[in-house]
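Values reported hereafter were calculated over all heavy atoms of this structure, with side chains retained and with hydrogens, waters and symmetry mates removed. FYI, the numbering just counts along the sequence from 1.
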Amino acid sequence: MNVKYDAEADVLMFVLKDGLPVNAIAEPGGVIVSYGEDEEPLCVEFLNASQRELIDPSVAVLTVQKVQAGS
């Protein structure tokens with residue numbers, strides 16, 4: 001999984017796996033899920049990420065923590 005942030009568009013992206021999206025669904029609250037040919041999710045995008053306090057654009061490092069199931 002890759003995590004990307006586009007500061008100009010203020011979009012936080014979690015790229016789950018490589019592939020070309022063939023479908024995308026806009027979920028309520030500014031979340032877009034893109035799907036591949038196999039109907040598996042490829043990417044989850046969070047719009048207006050800094051306004052929603054998902055990321056601080058002034059910080060150059062993004063830390064992603066793995067959460068154990070049942071924690």
TODO: Determine, stepwise, if the pair Phe14 / Asn2 fulfils side chain to side chain contact (heavy atoms under 4.5 Å, CB included).
DONE: CA-CA 6 Å; Phe14 290 85; Asn2 292 314; over 6 Å; no

Heavy-atom pair of closest approach, residues [X] and [Y]:
{"X": "Pro41", "Y": "Val33", "value": "CB-CG1, 4.0 Å"}
{"X": "Glu45", "Y": "Ser34", "value": "OE2-OG, 4.0 Å"}
{"X": "Leu54", "Y": "Leu12", "value": "CB-CD2, 4.1 Å"}

Indicate if [X] and [Y] have the same hydrophobic cluster label, given that clusters are the connected sets of ILVMFWY residues with side-chain heavy-atom separations under 4.5 angstrom.
{"X": "Ile25", "Y": "Val15", "result": "no"}
{"X": "Val31", "Y": "Met13", "result": "no"}
{"X": "Val3", "Y": "Leu16", "result": "yes"}
{"X": "Phe46", "Y": "Met1", "result": "yes"}

TODO: Mark yes or no for whether Asn48, through its side chain, and Gln51, through its backbone, hold a donor-acceptor pair below 3.5 Å.
DONE: no

Task: Reported CD-to-CG distance for the pair Glu39 and Asn23, which is rounded to 0.5 angstrom - done: 8.5 Å

- [ ] Verify the neighbour count for atom CG of Asp18: are there more than 12 heavy atoms of other residues, nucleotides or ligands below 6.0 Å?
- [x] no

- [ ] Mind running side chain to side chain contact (heavy atoms under 4.5 Å, CB included) on Leu47 and Val11 for me, showing each step along the way?
- [x] CA-CA 5 Å; Leu47 307 179; Val11 176; 3.8 Å; yes

